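I have placed the structure first, in the form of structure tokens, so that the comments after it can refer back to it.
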Amino acid sequence: MSFTNQEKFSDQPRRWALRGDLLDFTAAPAWGEIEPSAVRFDRDHWLLVEDGRIVGRQAEAPDASWVRKDHAGQLVLPGFIDTHVHCPQLEVIASYGTELLDWLERYTFPAEAAFADPARSRAGAEVFLDALLASGTTSAVVFPTVHKVSAEALFEAAAARGMRLVTGKVLMDRHAPDGLRDDVAQAERDCIDLIDRFHGQGRLAYAVTVRFAPTSTPAQLAMAGALCRADASLYMQTHVAENRAEVDWVARLFPEARSYLDVYERAGLLHERAVLAHGIWLDAHDRILIADRGAQVAHCPSSNLFLGSGLFDWAGAAFNVSLASDVGGGTTLSLPRNMLDAYKVQALRGERLTAWTALHAATRGAAEALGLGDEIGGLSVGQAADLCVWDWARGPVAEARDAVAKALHERVFAWMALADERNLAACYVAGHRRA
Ligand code: GUN
Ligand code: ZN
């Protein structure tokens, strides 16, 4: 769907009410628990929305002054939060035959080079954000490219859609092809300018974006750390310990560091607003450090399976874990599809992921880990009306399964395992219909 089509959606009443089966969380469900008190399920209830915020949640229909949207018999969830995804990689999704380092060289870097062109960056940002919305994702932490214009384009396209978006120009000053490298001084100027113009404007926030340790010199990592130290409200996003060949390369490049994660620790990049993608090949010391710093790991199960990177130890994590698509390493923007992949990753580890832990990680868990729990990730009064309406089942197979589900977890788990963007009936961002 193009943004031009979406403009007609933004003709939205100031006050409206949505009827459906409301599901969100009041706390983090415990690992493996099927009936946790943290799940809040209100069958056939109403959400009242005024000026883009949730102002009521009730069993009774509101009075006639409220415009009604009757989705009785459909599932209403907070909009999903994808904590790690690459805007310029839509075109390399589903590329055959390689692991991470070859995949970057062969497919990803050439696709990212095209974003030097401002028109390409702008068109790419629009298609990408519309695709997120069509998948039920209303907030995201996003990698653009090394080009300043690619970050500008994402910020501008997100602002036009009212989306909560965290991004920042990618830092890469070595081990990348011509046209995809910056240098420390220019990168610092670009970051400062983007921070001044976009960080904290509306629903936008800046992330100091280190691609990964191999593509930044120690001087660039130090510059990135200094930016974080200068403003504690900035996010930081990067990749860590995704693939074994990558981990070995980092050990050769940074012999002084105790581990891959320690490269970031030494540069001052680990803090409460750090989003670390993957974290598969971490040791016990690293895992404690992430918890101590209050950082989060963005678990990317679709990508980890597709690129053959490894099986993330979620059950053993004492730190915040959010869920992410990592497109184009991941093969779908749909977070329900990623939840099923996460279930399969845990099954291969001999663990079982509940629908509650998976859904929490894509909503309230991610919001809290980002310090945005008051605004997004739930259906509470006072939160932004970022919400999605889903069909419980689509097609004969899912309908047959849904018809025999008895307990709530059984029903929600089957939804999670079988749903995709075709189940999305409506998606609202700050009260405006966007898909
Ligand atoms: N590590 C460094 N860059 C990337 C990337 O674009 N995708 C993934 N999955 N891992 C990376
Ligand atoms: Zn990634």
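Everything numeric in this text was worked out from a predicted model, so none of it was measured. Order of listing sets the numbers, starting from 1, for every ligand and every atom in it.
- Atoms of ligand 1 found under 4.0 Å from any heavy atom of His278 (numbered from 1 in listed order, with element): 9 (N).
- Sorted by first and then second residue, the salt bridge (charged side-chain N to carboxylate O under 4.0 Å, His left out) pairs involving residues 316-330 (not counting sequence neighbours) form an empty list.
- Using a 4.0 Å cut-off to heavy atoms of Asp326, the atoms of ligand 1 that qualify are 8 (C), 9 (N).
- Aromatic ring centres of His84 and Phe143: separated by under 6.0 Å.
- Residue Arg211 has at least one N or O atom closer than 3.5 Å to an N or O atom of ligand 1.
- Annotation: the span from Leu359 atom CG to Met339 atom CE amounts to 4.5 Å, rounded to 0.5 Å.
- With sequence neighbours excluded, the residues that form a ring pair (Phe, Tyr, Trp, His ring centres under 6.0 Å) with His175 are Trp249.
- For His271, the side chain to side chain donor-acceptor pair (under 3.5 Å) test picks out no residue, with sequence neighbours left out.
- In this structure, the protein non-hydrogen atom closest to atom 1 (N) of ligand 1 is His239 CG, 3.5 Å.
- Residues Phe413 and Tyr343 place their aromatic rings such that the two centres sit under 6.0 Å apart.
- Checked against a 3.5 angstrom limit, the closest N/O atoms of Trp103 and ligand 1 fall outside it.
- Salt-bridge check for Glu421 with Arg337: failed, with every basic side-chain N at 4.0 Å or more from each acidic carboxylate O.
- Within the structure, ligand 1 has Gln89 among the residues with a heavy atom less than 4.0 angstrom away.
- Screening the protein for N, O or S atoms under 2.8 Å from the Zn ion (ligand 2) yields 4; no waters enter the count.
- Looking at ligand 1, you won't find any N or O of Thr108 less than 3.5 Å from one of its N or O atoms.
- For Phe115 and His147, the ring centers are positioned 6.0 Å apart or more.
- A salt bridge links Arg364 with Glu368: the distance from a Lys NZ or Arg NE/NH1/NH2 to an Asp or Glu carboxylate oxygen falls below 4.0 Å.
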